[in-house]
2 protein chains.
Amino acid sequence: MRDPEATLRQHDLPVTAQRLAVLRAVSQHPHATADDLAESVRSEIGAISRQSVYNVLNVLTDKGIIRRIQPAHSPALYEDRVGDNHHHLVCRSCGKTEDVCCAVGEAPCLHAHDHRGFRIDEAEVIYWGTCPGCQQKTRS
Amino acid sequence: MRDPEATLRQHDLPVTAQRLAVLRAVSQHPHATADDLAESVRSEIGAISRQSVYNVLNVLTDKGIIRRIQPAHSPALYEDRVGDNHHHLVCRSCGKTEDVCCAVGEAPCLHAHDHRGFRIDEAEVIYWGTCPGCQQKTRS
DNA sequence: CATTATTTTTGACAAAGTCCAAATCTGGGT
DNA sequence: ACCCAGATTTGGACTTTGTCAAAAATAATG
C-alpha cells in the first residue's frame, strides 16, 4: 500500500489513527485474521478496541480497498491485493494460506455467465490441500 | 438417496432413527443448514437434540455420504450430491444457493496442480451473484 | 437375551462477530 | 484558531454456530 492516508481520502473516509494502523497492518500481514490485525495494531499505536478493528475492516472491505476471504473452519482473513482476480491455496491441516494466480487466465472463472438467471459478479476459488510442511509431518 | 438404511450399513454405521431421519432430511432439502435439518427431522420423528444433528452430519460428512459447503456469511449447508464435482451459485442478497455443473469440464479446477509444493486435493468454487428474484427487487 | 461399544442427550462452553449507547474525534466553515 | 455537526471509537452485552464432556439410552453381536 503506497499511501494509506491518500487511499482513505480518495474514498471519502475521514482519516483516523485506527484506520491508518489497520490499513498498514493488513498491508504488512497478508491473510491475517481480525485478531492478528488487532494485535499488530496494538503494538504499533498502543491500543484499539475489538469493535473498531471490525468497523475499519468492514468499511475498507465495503469500499473495495481490501479484500476479505473466508475459508471454511477459519475466521475471515484480509488482504491488500485487490482487483487482480487471484485465488487462494489453503492447507487443510495448518491453515497456511497462499495466493495463486488465476489458473485459467484472466477473470476466467466468470465464464459460468449468468447461469439460471443469476447475475454473477465473482467466482471465488479455494484450492484445498496439504502444505509442504504438513506433508512431512503426516508422512511419518 | 435410494436407501438410507443400506447406505449406513455399507459404511459400518449403526442404524439409528436419528441418522435415518437426518439423511432423509438432507436428501429432501438440499442446501439446508443444520438448524433447518433439525426442524425438518423434528417434524418427522418428533425430537432430536441439536448435538445429535451435528454428530450425524459430521459422521456422514466424514464418511463422504453427504457434502458440507460453507459459503461466507452463512452457516454450513449440506447436500446429498457427492462425487460429481459440481459447484455452487450463491445469491449475495438472499443466500439462495444452486448447483452448477463444473464450468470448465471434468475436475478441471484441480489444474492448479501442486502449486508451491502443496498437494492439492480439491478446488472449491463459489459463484457469487444476484438471483433473479433479488434483481427485480433491486431494480426499482 | 445379556454384553459392550456406540449414540444420544443435556448443559456448559468457545469463537467470531454484531448491536447499541455514550464518549470522542475529524473535517469544514467562520 | 475555534466550533459544530456528523462520523468514529469504545465498552459491554448479546447472538450465532458449533464443540466438549459426562451420563443415560440404544444397537449389534454372540
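Chain naming here is simple, since letters A, B, ... match the order of the sequence lines and numbering starts at 1 in each. The structure presented is a predicted model; accordingly, all values stated were derived computationally and were not measured.
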Novice: Tell me: CG of B:Asp12 to P of C:dA5, nearest whole Å?
Specialist: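 Atom-to-atom, B:Asp12 to C:dA5, this comes out as 17 Å.
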Novice: What distance do B:Leu20 atom CG and B:Asp3 atom CG have between them, rounded to the nearest 0.5 Å?
Specialist: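 Answer rounded to 0.5 Å: 9.0 Å.
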Novice: 5'-most contact on DNA chain D: A:Ala47 or B:Ala76, nearest heavy atom basis?
Specialist: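 On the 5' side of the pair lies A:Ala47.
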Novice: When you match B:His73 and A:Ala17 each to their closest nucleotide on DNA chain C, which lands nearer the 5' end?
Specialist: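 Mapping each residue to its closest nucleotide by heavy atoms, the 5'-most match is B:His73.
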Novice: Checking contacts here: which listed nucleotide (C:dG27, D:dT9, C:dT9) is nearest the side-chain heavy atoms of A:Val15?
Specialist: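 Selected nucleotide (nearest to the side chain): C:dG27.
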Novice: In whole Å, I'd like the distance from the CD atom of B:Gln18 to the P atom of C:dT10.
Specialist: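 Rounding to the nearest Å, CD of B:Gln18 and P of C:dT10 are 11 Å apart.
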Novice: Name the closest nucleotide to the B:Ala34 side chain, picking from D:dG18, C:dT10, C:dT7.
Specialist: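 Nearest listed nucleotide: D:dG18.
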Novice: Between the base of D:dG11 and the side chain of A:Arg50, is there any donor-acceptor pair under 3.5 Å?
Specialist: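 No such pair is found, so the answer is no.
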Novice: In Å, rounded to the nearest 0.5 Å, how long is the span from OG of B:Ser40 to NE2 of B:His29?
Specialist: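 Separation between the atoms: 3.5 Å.
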Novice: Could you state the OH-C1' distance from B:Tyr54 to C:dA14, rounded to the nearest angstrom?
Specialist: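 Rounded to the whole Å, the gap is 13 Å.
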Novice: Grab the CG-P distance between A:Leu8 and D:dA7 for me, whole Å please.
Specialist: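 Taking CG of A:Leu8 and P of D:dA7, I get 16 Å after rounding.
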Novice: How long is the line joining OH of A:Tyr78 and C1' of C:dG17, in whole Å?
Specialist: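 One finds 9 Å between C1' of C:dG17 and OH of A:Tyr78, rounded.
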Novice: If you round to the nearest 0.5 Å, how far is CZ of B:Arg68 from CG of B:Leu57?
Specialist: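 If I round to the nearest 0.5 Å, the distance is 7.5 Å.
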Novice: Would one find a side-chain N or O of A:Gln70 under 4.0 angstrom from OP1 or OP2 of C:dA16?
Specialist: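 The answer is no; no side-chain N or O of A:Gln70 sits under 4.0 Å from OP1 or OP2.
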Novice: Between A:Gln51 and D:dT10, is there a side-chain N or O to OP1/OP2 distance below 4.0 Å?
Specialist: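 For D:dT10, neither OP1 nor OP2 has a side-chain N or O of A:Gln51 closer than 4.0 Å.
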Novice: At under 4.0 Å, does any side-chain N or O of A:Asn58 touch on OP1 or OP2 of C:dT18?
Specialist: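 It does, given that an N or O in the side chain of A:Asn58 lies less than 4.0 Å from OP1 or OP2 of C:dT18.
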Novice: Less than 4.5 Å apart, any side-chain heavy atom of B:Arg92 and any of A:Asp121?
Specialist: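 Yes; the side chains approach each other to less than 4.5 Å.
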Novice: Whether A:Ser52 contacts D:dT10 is assessed here as follows: a side-chain N or O lying under 4.0 Å from the phosphate OP1 or OP2. Is that the case?
Specialist: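 Yes, A:Ser52 has a side-chain N/O under 4.0 Å of OP1/OP2 on D:dT10.
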Novice: What's the CG-P distance between A:Leu13 and D:dA7, to the nearest Å?
Specialist: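 The answer, rounded to whole Å, is 12 Å.
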Novice: Atom CD in A:Gln18, atom CG in A:Leu23: separation rounded to 0.5 Å?
Specialist: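 Going from CD on A:Gln18 over to CG on A:Leu23, the span is 13.0 Å.
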Novice: Using OP1 and OP2 only, check whether a side-chain N or O of B:Thr33 sits under 4.0 Å from D:dT17.
Specialist: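 For B:Thr33, the contact criterion (side-chain N or O under 4.0 Å from OP1 or OP2 of D:dT17) is not met.
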Novice: Base, sugar-phosphate or nothing for B:Asp35? Non-hydrogen atoms, less than 4.0 Å.
Specialist: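 Counting heavy atoms under 4.0 Å across all strands, no contact is made by B:Asp35.
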Novice: Nearest whole Å is fine: how far is D:dT19 C1' from B:Asp62 CG?
Specialist: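 That distance rounds to 14 Å.
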Novice: Over how many whole Å does the gap from A:Leu37 atom CG to C:dA16 atom C1' extend?
Specialist: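 For the pair A:Leu37 CG and C:dA16 C1', the rounded distance is 14 Å.
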